Q: 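Sharing a structure below in structure tokens format, with a few things to ask.
Numbers restart at 1 for each chain; the letters A, B, ... are given by sequence-line order, proteins then strands. In this text the structure is predicted, and so the values were computed from the model without any measurement.
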Amino acid sequence: MERNQMHRQVSVMRQSLFDQGYLDEQFIQLEELQDDANPNFVEEVVTLYYRDSSRLILSIDQALERNPLDFNKLDTYMHQFKGSSTSIGAKKVKAECTQFREYCKVGNGEGCMRTFQQAKKEYTILKRKLEAYFQARQSGPSETACRPRN
Amino acid sequence: MVFEKGASSLKSVKAIETGKVAGTNNLATERKFSVLVVDDDAIIRKIHSKLLSKFPVEIQVAVNGKEAVDLYRSGAFFDLVLMDMEMPIMNGFEATKELRALGLKSLIVGVTARSSDSEKKAFMEAGLNDCHAKPLTSEMVKSLLQELNKNN
């Protein structure tokens with residue numbers, strides 16, 4: 001009974017990440033790549049994402065402190081950050097990155113700063129949720145990829 | 001799209017012969033292709049390498065365009081190159097032009113986070129056979145390998 005309960009808990013946690021808009025289809029693509037040779041493939045990719053993007057976030061923070069703002073540089077950094085976020089299916093983070101780039105195009109520095117704060121917030125929330133999910137997954141029975149319910 | 005076999009005499013393609021599975025397009029019956037993944041993003045290299053590992057292919061990686069060109073110059077052969085656009089030292093556009101100038105006739109497919117048609121078109125002009133958004137999906141990878149298979 002306990003095993004089934006844990007399984008259900010992990011499944012509910014996973015489903016909520018999609019229902020609440022934190023993750024998109026790309027995350028499922030990663031899950032479908034998991035196999036016996038790489039049972040923690042998704043966790044490895046997500047860990048890599050948080051490791052590599054922390055440097056980018058620092059660069060963007062520093063670039064936002066400059067006066068005047070270099071919107072081309074900001075856009076380049078954000079393009080990379082958006083690309084990485086897209087690769088793991090980080091839906092809300094990706095949306096903020098898109099908005100940031102729109103503000104860069106029109107030279108709206110305040111909009112950039114505001115949106116970046118939101119992007120960092122979503123990035124941190126997702127990190128916490130994924131850490132909790134992977135932890136639960138490791139302690140419970142193995143989870144297989146399945147499409148989220150509509 | 002025209003796919004041509006590489007002309008290098010140093011190519012090292014292994015042939016894998018297994019029983020054909022009825023009713024399926026069985027890639028395992030075809031020769032083992034050599035694929036080069038060129039991307040400065042470690043996440044993309046990991047994802048694309050994993051996607052490719054599901055098929056009977058040899059995989060090599062390069063972290064920028066210069067590394068890809070150096071690999072080719074040193075005698076490596078690739079049936080398929082997945083080329084990122086924006087990379088430090090040498091970007092995908094320059095690397096593609098260089099590889100074509102050096103005589104690589106194999107399939108080079110651009111993979112880019114740039115979504116506009118004009119940006120993709122500009123990248124194509126370097127000598128790509130095709131260009132897709134990244135990360136690639138398993139369906140897209142399968143389709144590329146099937147195309148290679150058909151033309152070899």
Q: Chain B heavy atoms under 4.5 Å from A/Q26: which part of the residue, side chain, backbone, both or neither?
A: side chain
Q: Can you tell me how far apart NZ (B/K46) and OG (A/S87) are? Round to the nearest 0.5 Å.
A: 13.0 Å
Q: Once you round to the nearest 0.5 Å, how far does CG of A/L48 lie from CG of B/D41?
A: 7.5 Å
Q: Do you know which two heavy atoms are closest between B/I47 and A/F41, and how far apart they sit?
A: CA-CZ, 4.1 Å
Q: So does A/K120 have more than 12 non-hydrogen atoms from other groups sitting under 6.0 Å from NZ?
A: yes
Q: Taking atom CE of B/M85 and atom NE2 of A/H79, what is their separation to the nearest 0.5 Å?
A: 9.0 Å
Q: Can you list every pair that meets salt bridge (Lys or Arg N to Asp or Glu O under 4.0 Å) and has a residue in residues 93-115 of chain A, with sequence neighbours left out?
A: A/D24-A/K94, A/D75-A/R101, A/E102-A/K105
Q: Distance from A/S84 atom OG to B/I43 atom CD1, nearest 0.5 Å?
A: 4.0 Å
Q: Is it the case that one hydrophobic cluster holds both A/V42 and A/L23, taking links as side-chain heavy atoms less than 4.5 Å apart, direct or via other members?
A: yes
Q: Under 3.5 Å, is there a donor-acceptor pair between the side chain of B/K54 and the main chain of A/L33?
A: yes
Q: Taking A/V46 as the starting point, is it possible to reach A/I57 by hopping between hydrophobic residues whose side chains are less than 4.5 Å apart?
A: yes
Q: Measuring from B/E86:CD to A/Q80:CD, what's the distance to the nearest 0.5 Å?
A: 8.0 Å
Q: State, yes or no, whether a side-chain contact exists between B/S138 and A/Q29 at a heavy-atom distance under 4.5 Å.
A: yes
Q: Would you say that more than 12 heavy atoms from the other residues, nucleotides or ligands in this model lie under 6.0 Å from the NZ of B/K97, or not?
A: no
